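As structure tokens, the structure follows; a few thoughts come after it.
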Amino acid sequence: MLLDEECKDCLFNSQLKKVERDQSDKTKVAEFSQGVKKLCKNPPADYCAPLLMRDIDRLHRKIFGAGIDYSREKRLFNGKLLENENGIYQKVSNSDDPVKEAVKLAMASNYIDFARLSDLDGRAVDYVLQSAERAEPGAAAFGLFKQRLKTARTLCVLHDNCGEIVLDKILIRVLKNLYPALSVTSVVRGEPIINDVTADDADFIGLGQYARVIQNGSGVPGTYLKEVSAQTLQVLKTSDIIISKGLGNLETLYGEGYSIFYTFTCKCEHISKRFNLPLWSAGFVTEEKL
């Protein structure tokens, strides 16, 4: 999906707020601000939002010597959701439709996104859990998902953000329990970028107990096919089911010829219009390859 004007303003504002809070050198902050304005003003014509975010982080590395640090936010959200994991899992497992309830959590969990919302705090966890109760996956997409699960042997999950990954783990646990023959591969980012999930985050939450965890070989906050590893491409080509989490993966993969189930929170006007969903609602849609 090509870069939208809304994305430029959003990325500029959210990342500048973060850097202004974390950095005390006003000269460097001003240099960063001017650099980000320049990046947002003249991006390449074929750019999408995740590529612009990658360039913003590279600029931060050049000026400050390291990428924009989201380690505190990761500890907070991964830790808070881990504390609640088993209780949530039991509630989902005891529901009338555990798959649907787990999907609803995965949909709503994409709210935890510091590229879009720079001021999130621990209260966002309660918001996510409440939003999940109201979420409703698209009937056609969810029906097809349940149908595919009956015969699928391999599942690929393309993860997105911190905290969110704990609820992804619950979805994987539910699916593995109901479909024990299902082999799951979890794909995380190859390098730290914003609050996106890395191998360290996956290890911290114990994801490897339920899935094979691989890195995608890229520092783009999405699944940018031109830069991901051969291993990631092979998993995408051979998996019976692919679940894509979040807007970064959606914006880099939609229209690229894969059959994918996309779960995300609709945080942008252009996404809302594209999928005919209310702003800030949670979505579960599918794209079938031709």
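These figures come from a predicted structure and were not determined experimentally.
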- Query: Between T198 and D201, is a side-chain contact (heavy atoms from CB on, under 4.5 Å) present by the stated rule, with each step listed?
  - Reply: CA-CA 5 Å; T198 63; D201 299 307; 3.1 Å; yes
- Task: May I have all residue pairs that pass salt bridge (Lys or Arg N to Asp or Glu O under 4.0 Å) and include part of residues 213-236, sequence neighbours excluded?
- Result: R54-E227
Report, one line per pair, each donor and acceptor closer than 3.5 Å where one atom sits in a side chain of residues 22-36; sequence neighbours left out.
from : atom 1 : to  : atom 2 : distance (Å)
D22  : OD2    : K18 : NZ     : 2.7
D25  : OD1    : T27 : N      : 3.1
D25  : OD1    : K28 : N      : 3.2

- Looking only at atom types and distance, does a side-chain atom of N249 sit under 3.5 Å from a main-chain N or O of H159, one as donor and one as acceptor? yes
- Query: Is there a donor-acceptor pair closer than 3.5 Å between any side-chain N or O of S239 and the backbone N or O of L236?
  - Reply: no
- Test item: D57 side-chain N/O and I194 main-chain N/O as donor-acceptor pair under 3.5 Å: no
- Interatomic distance, I172 atom CD1 to I243 atom CD1 [nearest 0.5 angstrom]: 7.5 Å
- Could you tell me whether the side chains of T185 and R212 share a donor-acceptor contact shorter than 3.5 Å? yes
- Does any pair with a residue in residues 169-181 pass salt bridge (Lys or Arg N to Asp or Glu O under 4.0 Å), and if so which ones, sequence neighbours excluded? E85-K169, E85-R173
- Message: Taking R189's backbone N and O only, do any of them form a donor-acceptor pair with N216's side chain (distance below 3.5 Å, no angle check)?
- Response: no
- K104 with E101: basic N within carboxylate O range, under 4.0 Å: yes
- Inspect the surroundings of CG in D126 and state if more than 12 heavy atoms from other residues, nucleotides or ligands are less than 6.0 Å away. yes
- Note on the structure: Applied to residues 143-153, the salt bridge (Lys or Arg N to Asp or Glu O under 4.0 Å) test, sequence neighbours excluded, yields D97-K146, R148-E288
- Query: When you measure from the side chain of K74 to the backbone N and O of D196, does any donor-acceptor pair fall under 3.5 Å?
  - Reply: yes
- Item | Whether T265 side chain and M107 backbone form a donor-acceptor pair below 3.5 Å | yes
- So among V228, L158, V197, which one has a side-chain contact (heavy atoms from CB on, under 4.5 Å) with V187? L158
- Task: Measure from the ring center of F275 to the ring center of F264 and say whether it is less than 6.0 Å.
- Result: yes
- Task: Just jot down the ring-ring contact (aromatic ring centres under 6.0 Å, His included) partners of Y89, sequence neighbours excluded, or say none.
- Result: none
- Reported CG-to-CG distance for the pair L155 and L171, which is rounded to 0.5 angstrom: 7.5 Å
Which atom pairs, donor and acceptor, lie under 3.5 Å between side-chain atoms of residues 132-141 and protein residues at least two apart or in another chain?
from : atom 1 : to   : atom 2 : distance (Å)
R134 : NH2    : S131 : OG     : 3.2
E136 : OE2    : K100 : NZ     : 2.7

- Query: With no hydrogens and no angle check, do the side chains of Y254 and E287 hold a donor and an acceptor under 3.5 Å apart?
  - Reply: no
- Item | Nearest atoms (heavy-atom pairs only) where K245 meets D160 | O-CB, 3.4 Å
- Hey, are S71 and D69 close enough side-chain-wise for a donor-acceptor pair under 3.5 Å? yes
- Item | Donor-acceptor under 3.5 Å (S244 side chain, Y262 main chain) | no
